[in-house]
Amino acid sequence: MLGQMQDWPLLVHKLIDHAALYHGDREVVTRSVEGPIHRTNYRQIHGRAKRIAKALDRRGFQLGDRIGTLAWNTWRHLETWYGIAGIGAVYHTLNPRLFPEQLVYIANHAEDRALFFDITFADIVAKIAPKIPSIKLYVAMTDREHLPKADIPNLVAYEDLIAEGDDDFTWKDFDENTACGLCYTSGTTGNPKGVLYSHRSNVLHGFIAGQADAMGLRNVDSILPVVPMFHANAWALAFAAPMTGAKLVMPGAKLDGPSICELLTTEKVTMTAAVPTVWLAALQYLEQSGTMLPHLKRVLIGGSACPRSMIETFEKKYGVQVVHAWGMTEMSPLGTLGTLKVGMDELPYEKQLDYKCKQGHAPFGVEMKIVNDENDELPRDGKAFGRLKVRGPCIAKGYFRGEGKDAFDEDDWFDTGDVATLDAQGYMTITDRAKDVIKSGGEWISTIEIENLAVGHPAVAEAAVIGVRHPKWDERPLLVIVLKKDQNATKEDLLKYLTGRIAKWWMPDDVVFVDEIPHTATGKIQKIILRQRFGDYRLPTIAAE
Ligand code: AMP
């Protein structure tokens, strides 16, 4: 027997319909790419998204067409997403931090038919345009006055598209499983692979994100997604905020400490989200300038492991709750969030911190398990670590064009490539990417744990641990350090600092100081480059053997 409830498809553009109708005056504020702060609201965004949909429809774009965006978080990018989704086309976010050749590969692989881009990327676009024959329309997300002079074919100004028609447009009708968004990830081996979100997965993911024990979004919140829309859907915020009618504050191109901290204050931001490197810079700025954060209540930190010292500084010095989160492009991206469970707020603060440093627990809609090399499930005892596998309605069941099949098994479990523990309370802790793990004498050493402890040293700005060849132990850890400006520390200082905090046999065999640690386009430490650089590094412990 079937239920007798309405078949109301979960379509992304219904979110902006809802926001316009019930929260129409709620502000969306942007530090525009052109410079000034721009203010609009959900009603206007809705109307303008319809104009974009109408302009695209009139030009023959249709269901399933991929339309690229190479853009910062702005109100126009939001309108573009909703406008594209409303005709059943697919917004394809391109990450501007990638090399031009990678952008060319990805846009060609996706067969993008149009590209919306911010004027800051005009030169890149001019360079790659001749190599992407499928793109028939280039839209500079600005007005005619700021239209770039670069040599870009079939170029129109966004505001001219908007002005072309009116907002009298009926969204197209289609199934909720229709493709809605596309984002390529370089997290796996080989070429970047496309993750193709559906309307249904995006809407469900918005519901999941908003839950009180997840991001806990409310209408009264003012939300600053520093995490870019081109990095895994801005962690659901572009959908979850209109769902609740929360104010959105979009940072545009300026993600540096002073610019972000200014917006946090002037726009009375209550909740924000970004990767740890952004907060590293922001916290340094706050410390130097003596600025406090009077409005901010919660900060979501994920994308790579959040150091303990960062959680402590936010919470103790600034009174801002940290929610440590883990996820992946393949998971829409939220996988776990580190809100405290019942009774934990009564624990001594250091014990609470132990939980907050873990990557968190899964909201409803994310199944997790850890397995050994034979694919046998391992105990949830907080000790055993193995490959983390996940499944759920917002998790990919394959990559675009059928690539990377090995990551998925016949029961839809997706192998995250992360190594983790699961504890009895349901908290997951990432110990490493499988490819970064150090195997010393047959035992695994967690590089993430050592890195997180090392950045707790007051002189350390950033730390990375990699495995270096060792004749007796196969691999031993090498600690790579970037010191804070005007600070000093020696190898001995750092090893002394780690003593007693990690197992003796995890202690790095050496420490090297560098000016900079390389990062990927999504802000993660590029260990592969470090491993190449220190490939022939001779550990002092070898001579001693
Ligand atoms: P991406 O798809 O670019 O978001 O990268 C996903 C990967 O980032 C995950 O598989 C993890 O290896 C890493 N990651 C994300 N969040 C965290 C976190 N909180 N702690 C440790 N690693 C993380």
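Position 1 is the first residue of the sequence, and the numbers go up from there. As the structure lists them, so they are numbered: ligands from 1, and atoms in each ligand from 1.
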Requested in this report: Measure the acute angle between the ring planes of Y184 and F400, then classify it against the limits of 30° and 60° as parallel, tilted or perpendicular.
Outcome: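 The arrangement is perpendicular - the two ring planes meet at more than 60°.
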Query raised in the report: In terms of the angle between their ring planes, are F385 and W444 parallel, tilted or perpendicular, with boundaries placed at 30° and 60°?
Result: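 It falls in the tilted class, 30° to 60°.
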Query - Within reach of ligand 1, part of Q359 (heavy-atom separation under 4.0 Å) - result: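 Within the 4.0 Å criterion, Q359 contacts ligand 1 through side-chain atoms alone.
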**Report entry** A325 contact mode with ligand 1 (heavy-atom cut-off under 4.0 Å)
**Finding:**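 The answer is the backbone of A325.
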Contact between ligand 1 and [X] is defined here as a heavy atom of the residue under 4.0 Å from a ligand atom; is it met?
X	value
H231	yes
P333	no
A232	no

Requested in this report: Report, in ascending order of atom number, the atoms of ligand 1 lying under 4.0 Å from any heavy atom of R433.
Outcome: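 Matching atoms, with element in brackets: 9 (C), 10 (O), 12 (O).
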Requested in this report: With heavy atoms of T329 as the reference, note each atom of ligand 1 found under 4.0 Å away.
Outcome: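 Answer for ligand 1: 1 (P), 2 (O), 3 (O), 4 (O).
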Query raised in the report: If every non-hydrogen atom of L94 is compared with every non-hydrogen atom of F230, which pair is closest and at what distance?
Result: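 Heavy atoms only, the tightest pair is O-CB, 3.5 Å.
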Query - Expected output: side-chain D118 to main-chain T120 donor-acceptor under 3.5 Å - result: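 Such a contact is absent between D118 side chain and T120 backbone.
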Query raised in the report: Ignoring hydrogens and geometry, is there a side-chain-to-backbone donor-acceptor pair from D409 to D411 under 3.5 Å?
Result: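 Yes, D409 side chain to D411 backbone: donor-acceptor pair under 3.5 Å.
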Query raised in the report: In terms of heavy-atom contacts, does CZ of F207 have more than 12 from other residues, nucleotides or ligands at under 6.0 Å?
Result: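 Count not over threshold, so no.
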Report task. Answer yes or no for R531 and F534: cation-pi contact, defined as NZ/CZ to six-membered ring centre under 6.0 Å and angle to ring axis within 45°. Result ->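 No, R531 does not sit over the ring of F534.
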Requested in this report: Out of G302, S304, C183, indicate the one that has the non-hydrogen atom closest to atom 18 (C) of ligand 1.
Outcome: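 Answer by nearest heavy atom: S304.
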**Report entry** Candidate with minimal heavy-atom separation from atom 6 (C) of ligand 1, of G417, G335, A420, G327
**Finding:**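 That would be G327.
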Query raised in the report: Would you say I430 has any N or O atom under 3.5 Å from an N or O of ligand 1, going by distance alone?
Result: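 No; the residue has no nitrogen or oxygen that sits under 3.5 Å from a nitrogen or oxygen of the ligand.
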